[in-house]
Amino acid sequence: MSSSVSLPVSIASAGCVSPLGLDMPETAESLRKGTSGIGPVRLFSVEGCQCRTAGQVDDRLSGRAAEIAPRSRRWSRAAQMVLVAMAEALQGSRGFRPDVVVIGTTSGGMSLGEEFFRALASRQGVAHATRRVRNYVPHQPIIQALQVFGIDAPVRIISNACASGSNALGVARQLIRDGAARRVLAGGYDAIAELVFAGFDCLKASTPEICRPFDALRSGLALGEGAAMFCLQPGDAEVQITGYGSAIDTHHLTQPHPSGRGPEQAMQAALHDARLSAGDVDYVNAHGTGTPLNDSSEGRAILNLCPTVPVSSTKSMTGHALGAAGVIEAAFSLLALKDQFLPPNINFRQGDADLPLNIVDTSRPAKLRNVLSNSFGFGGSNASLILSLK
Amino acid sequence: MSLKILGCGWVTPVGRLHAEVVSRLENNLPASPSRPEGYENDVLAIDPSSVQDVAGLPRLRRSSVISHFAVAAARDALAGSPQSAEGLAALPLLFVAGDGSVAYTRRFYQDVVERGPGAGSPILFPETVYNAPASHVAAALGLRDEALTFVGDGAAALAALDSASALLRSRKEKRCLLVAAQELDRINASAYLRWHLTCNLLPSEGAAALLLEATDHSPGIAFTHAGYSFGSNRDAAEKLLRVLGEIPPDLAPDACVSTMADSRIAKMERDAISRTFPGISFISSGPFFGESLAASTMQQVIFANHLISTGCHRRVLVAAAGYHGQVCATVLA
């Protein structure tokens with residue numbers, strides 16, 4: 001017996017910080033223009049790495065955060081991103097008091113963990129690093145930001161690798177739909193860290209060239225960063241989260257099954273949850289990291305389910321924000337639905353003969369009602385969301 | 001709705017077999033501290049031979065010990081309730097990781113710092129991701145459904161019980177597997193030492209797993225709560241009092257399984273519990289389980305269930321206020 005309650009889950013408001021902008025209006029403009037937010041890494045040395053680029057949030061971040069809370073100047077970049085995105089979301093829903101906060105992230109305060117390790121190894125600045133490393137806990141950026149707004153709701157941290165953000169929104173949807181929570185602040189964050197950058201580089205998952213998802217000549221991903229927050233509640237707002245599906249594919253710790261069975265299972269579960277058929281989907285915001293295996297697996301799943309639907313990977317513009325990718329791309333999907341346009345998959349030049357997908361290579365107006373957003377990650381984590389216009 | 005515990009497993013500093021662990025607790029035979037090479041302080045480590053049966057599984061050959069602990073506890077939890085392959089494929093997994101695969105994370109970063117970014121190991125890196133142990137548990141058991149990894153301390157483990165309750169409310173299938181695990185490395189042991197986090201409570205490692213079933217009337221986990229966030233110890237006390245105040249009068253606990261740690265926050269926790277439930281008796285678990293964040297708290301839940309099922313107590317409380325800034329509590333009845 002499943003829950004007898006089934007409430008519509010509305011997006012009351014959202015905030016987004018990404019390499020495409022510090023708020024939703026800036027982001028919308030960048031998406032429409034097909035702006036690339038990827039450039040040379042400026043946060044740490046990438047000497048010795050095959051990849052030298054990433055999508056990084058604008059240096060205006062610290063100033064924007066300080067306008068909201070002056071004390072945030074001392075915070076980590078991750079916490080500043082969270083603060084700015086949360087402020088925009090809460091600004092759009094005056095008086096919103098969440099019962100629970102559900103957040104996706106993979107690396108938390110990794111840069112602070114790195115600092116602690118370096119201090120212990122060199123025996124210099126250990127006391128300072130010890131104080132700071134307490135903020136390594138992934139709850140900390142969220143709690144710091146919540147305190148600015150006087151919110152003491154419990155914080156759930158979901159860390160399902162690169163599917164984390166979509167899982168967070170999906171869990172939030174379940175809580176509201178079933179009447180277990182009235183208002184949920186859901187989102188995610190991840191800031192680029194040296195360890196993670198080196199990790200993807202050593203796996204040879206990062207591209208030494210340009211990130212070209214679904215292109216025949218794709219050669220890997222570019223990392224990204226950012227945060228997005230959503231105020232969710234029951235009701236009939238303009239855009240709703242209507243479907244969520246999640247599945248684990250245990251084929252391999254880092255590689256998806258070539259058949260795309262995991263992604264397909266998650267997409268089908270999301271469609272089932274939304275009570276939609278594959279033909280009802282008007283646009284797929286793909287996970288589309290740009291790695292040969294990932295795009296191939298996801299592409300097969302899309303071709304199996306909805307072969308002619310317009311598809312784009314906005315990671316071509318932002319890079320891969322890991323645990324934040326799902327929420328950032330849900331924010332992009334929200335903008336696409338509200339403004340009725342297809343965000344582009346930039347850098348796409350040559351179609352893959354094995355993946356005859358309908359790739360959106362330039363932004364264009366479109367009539368959209370249902371958008372499917374995919375997020376897949378290490379460990380075989382697969383999550384799909386459906387956002388629908390009322 | 002309550003959560004019936006159909007099966008449980010634990011890998012603790014005082015053993016893995018249920019009778020063995022309970023005997024150590026009942027006979028007051030605490031775990032033996034050790035100081036592994038490179039550590040600055042004593043810890044309660046797990047004897048690797050206790051999880052030897054899973055170390056050879058294909059997915060675990062290269063994995064960090066946190067995954068060994070988790071798979072061992074999960075297998076033990078399912079041992080008493082055999083599931084069909086279809087049943088396992090539809091069994092959701094909730095996993096609570098404390099520090100994750102911290103040993104591999106430190107080793108990976110050490111390589112990067114000492115020998116440059118190009119020296120990072122492609123074998124170590126994927127294991128450093130928080131959800132790697134959950135993926136290994138799913139692979140070892142044949143799970144295919146939703147698998148969520150939560151990150152946090154003891155309060156996160158108790159909040160995960162609330163999440164399990166919410167998850168099962170929304171599904172046709174009324175069972176789920178909940179696993180919590182933690183591993184030690186000199187880096188997190190050093191951090192805890194310098195934070196004065198654990199005082200008389202030694203950092204530890206291990207795992208706990210519960211096979212849960214949602215029921216309307218059954219002994220088991222009778223009260224769960226989502227918890228609250230807090231900023232200071234004083235704030236934590238107020239928030240814990242709020243949580244405890246929401247326990248229905250008919251579930252008022254007569255005992256509490258507690259770490260009995262000397263830290264300020266642990267004392268605050270016991271004070272709040274005593275004020276809300278005068279006369280409650282505290283049963284110490286700290287010398288046996290140590291502090292392994294979500295894992296040791298889940299081990300407290302398993303021991304609380306033992307106290308209920310053997311008739312020692314009628315209603316037992318487990319509460320936690322941890323350094324992740326969350327407070328939470330649960331009652332077994």
Side-chain angles (χ1 to χ4, degrees), chain A residues 1-3 46-49 99-101 106 108 113-114 116-118 120-121 126 130 133-134 137-140 143 146-147 151-161 167 171 174-175 177-178 180 194-195 197-199 201-204 246-250 253-254 265 377-381, chain B residues 59 93 97 100 105-106 108-110 112-113 116-122 125-132 134-136 138-139 142-152 156 159 163 166-167 169-172 174 187 190-191 194-195 226-231 235 239 323-326 328:
Chain A
M1 180 186 73
S2 57
S3 171
V46 291
E47 191 68 36
C49 293
D99 303 324
V100 63
V101 181
T106 59
E114 293 167 1
F116 181 63
F117 174 80
R118 284 180 185 272
L120 281 184
V126 176
T130 299
V133 79
R134 292 196 75 139
V137 174
H139 294 73
Q140 197 59 34
I143 293 173
L146 289 175
Q147 285 173 342
I151 294 170
D152 64 1
V155 179
R156 297 273 175 286
I157 298 290
I158 294 175
S159 196
N160 258 23
N167 286 124
V171 167
Q174 287 173 343
L175 290 170
R177 180 196 63 193
D178 301 338
E194 185 181 11
L195 185 148
F197 193 90
D201 199 72
C202 78
L203 284 174
K204 307 218 181 306
S246 173
I248 189 162
D249 166 20
T250 56
L253 195 55
T254 58
Q265 189 182 343
F378 280 5
S381 297
Chain B
R59 282 281 294 262
L93 170 65
T105 303
R106 196 255 309 152
F108 180 84
Y109 196 58
Q110 188 167 341
V112 169
V113 169
S121 161
F125 180 65
E127 297 284 349
T128 68
V129 182
Y130 273 121
N131 69 326
S135 178
H136 292 316
L143 311 184
R144 293 278 183 82
D145 205 284
E146 183 153 29
L148 289 176
T149 293
F150 295 97
V151 180
S163 296
L167 178 76
R169 199 177 292 129
S170 72
R171 298 171 67 104
K172 282 183 187 164
K174 289 297 169 195
I187 192 95
S190 287
R194 289 161 198 282
W195 294 349
Y228 292 107
S229 295
F230 67 84
D235 189 28
K239 299 291 168 49
Y323 79 104
H324 287 227
Q326 307 287 296
C328 202

* Asked: What residues, two or more places apart in sequence or in another chain, satisfy side-chain hydrogen bond (donor to acceptor under 3.5 Å, both in side chains) together with B:His324?
  ->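 Scan of B:His324 (side-chain hydrogen bond (donor to acceptor under 3.5 Å, both in side chains), adjacent residues dropped) gives A:His139.
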
* Residue list, side-chain hydrogen bond (donor to acceptor under 3.5 Å, both in side chains) with B:Ser229, at least two apart or on another chain ->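 Once residues adjacent in sequence are excluded, the partners of B:Ser229 under the side-chain hydrogen bond (donor to acceptor under 3.5 Å, both in side chains) criterion are B:Gln326.
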
Examine distances only and state if a side-chain atom of [X] and a backbone atom of [Y] form a donor-acceptor pair shorter than 3.5 Å.
X        : Y        : result
A:Thr130 : A:Val126 : yes
B:Asn131 : A:Phe378 : yes
B:Ser190 : B:Ile187 : no
A:Asp201 : A:Phe197 : no

Examine whether an atom of [X] lies under 4.5 Å from a heavy atom of chain A, and if so say whether it belongs to the side chain, the backbone or both; otherwise answer neither.
X        : answer
B:Arg106 : both
B:Val151 : both
B:Ala156 : neither
B:Ser163 : side chain
B:Leu167 : side chain
B:Phe150 : both

Over all atoms of both residues, closest heavy-atom pair of [X] and [Y]:
X        : Y        : answer
B:Ala134 : B:Leu93  : O-CD2, 3.5 Å
A:Glu194 : A:Arg118 : OE1-NH2, 3.0 Å
B:His136 : B:Glu127 : NE2-OE1, 3.0 Å

Contact leader toward chain B among [options], where contacts are heavy-atom pairs under 4.5 Å:
options                                : value
A:Gln140, A:Gln147, A:Gln174, A:Lys204 : A:Gln147
A:Cys202, A:Ser246, A:Gly380           : A:Cys202
A:Ser381, A:Gly48, A:Ala161, A:Cys49   : A:Ala161
A:Leu120, A:Ile151, A:Thr106, A:Val46  : A:Leu120

Pick one of side chain, backbone, both or neither for [X], based on which atoms fall under 4.5 Å of a heavy atom in chain B.
X        : result
A:Leu195 : both
A:Glu47  : backbone
A:Val133 : both
A:Ile143 : side chain
A:Val101 : neither
A:Leu253 : both

* Between the side chains of A:Asn167 and A:Asn160, does any donor sit under 3.5 Å from an acceptor? ->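 A:Asn160 and A:Asn167 do have a side-chain donor-acceptor pair below 3.5 Å.
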
* Asked: Which one, B:Gly120, B:Pro126, B:Gly118, B:Gly142, leads in non-hydrogen pairs under 4.5 Å with chain A?
  ->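 Highest number of heavy-atom pairs under 4.5 Å: B:Pro126.
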
* Is a salt bridge present between A:Asp178 and B:Arg171, judged by a nitrogen-to-oxygen distance below 4.0 Å? ->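 Between B:Arg171 and A:Asp178 there is no salt bridge, as every charged N stays at least 4.0 Å from the carboxylate O atoms.
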
